[in-house]
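Following: one structure in structure tokens, then a few remarks.
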Amino acid sequence: MGKSKPFTYRAYISIDGAEPIPWESMTPQQEAYVRRRMSENLSRTMSEYFSLHPDEYRAWIESENRREKEGRI
């Protein structure tokens, strides 16, 4: 069998509904803005999820405590 061609891709992002642009073409200011927005979205989503599933939050914290005691952090 012959060697297959490597898989290539290009990531695009749309900032506030604008036309998508390649991720690597963002300015440092755009990248900082996008990273801040992504962090805010992740924080809000996790907060909503764990508010609805407190048992999952407790399990996650216990798991992290075990990892820390085992020196895996």
Side-chain angles (χ1 to χ4, degrees):
M1 252 175 113
K3 188 174 181 179
S4 61
K5 292 179 12 178
F7 180 76
T8 59
Y9 65 93
R10 182 170 232 176
Y12 286 80
I13 186 159
S14 175
I15 302 171
D16 294 331
E19 190 71 26
I21 60 171
W23 180 274
E24 66 274 4
S25 72
M26 284 190 292
T27 66
Q29 294 81 11
Q30 287 173 316
E31 187 172 343
Y33 174 76
V34 166
R35 289 183 184 279
R36 183 175 47 81
R37 289 283 309 272
M38 290 171 74
S39 178
E40 291 168 355
N41 289 344
L42 178 59
S43 178
R44 186 183 65 255
T45 301
M46 290 181 70
S47 179
E48 289 172 3
Y49 177 82
F50 286 132
S51 292
L52 295 171
H53 303 90
D55 52 324
E56 293 291 333
Y57 181 73
R58 280 189 294 277
W60 176 55
I61 293 299
E62 290 169 3
S63 171
E64 290 300 304
N65 288 340
R66 279 194 303 276
R67 288 181 62 208
E68 192 173 303
K69 286 179 184 174
E70 296 170 0
R72 294 189 293 152
I73 291 182

Next on the checklist: If hydrophobic clusters are built from ILVMFWY residues whose side chains come within less than 4.5 Å, do Met38 and Met46 share one?
Outcome noted: no
Checklist entry - salt bridge (Lys or Arg N to Asp or Glu O under 4.0 Å) with Glu31: which residues, sequence neighbours excluded? => result Arg35
Next on the checklist: Let me check something: do Ile61 and Leu52 share a hydrophobic cluster, defined by ILVMFWY side-chain heavy atoms less than 4.5 Å apart, either directly or through other members?
Outcome noted: no
Checklist entry - Can you say whether the rings of Trp60 and Phe50 are parallel (under 30°), tilted (30 to 60°) or perpendicular (over 60°)? => result parallel
Item to check | pair Arg37-Asp16: side-chain heavy atoms closer than 4.5 Å | outcome: yes
Checklist entry - How close do Glu24 and Ala11 get, heavy atom to heavy atom, and via which atoms? => result OE1-O, 4.4 Å
Checklist entry - Is there side-chain contact between Arg58 and Asp55, with at least one heavy-atom pair below 4.5 Å? => result yes
Next on the checklist: Can you give me the closest heavy-atom contact between Pro22 and Tyr12, atom names plus distance?
Outcome noted: N-CD2, 3.5 Å
Checklist outcome for this item: Output for pair (Glu40 CD, Thr45 OG1), nearest 0.5 Å, gives 11.5 Å
Checklist entry - Are the side chains of Glu48 and Ser51 in touch, meaning some heavy atoms are under 4.5 Å apart? => result no
Next on the checklist: Quick one, Ile15 and Met26 - any side-chain contact, counting heavy atoms below 4.5 Å?
Outcome noted: yes
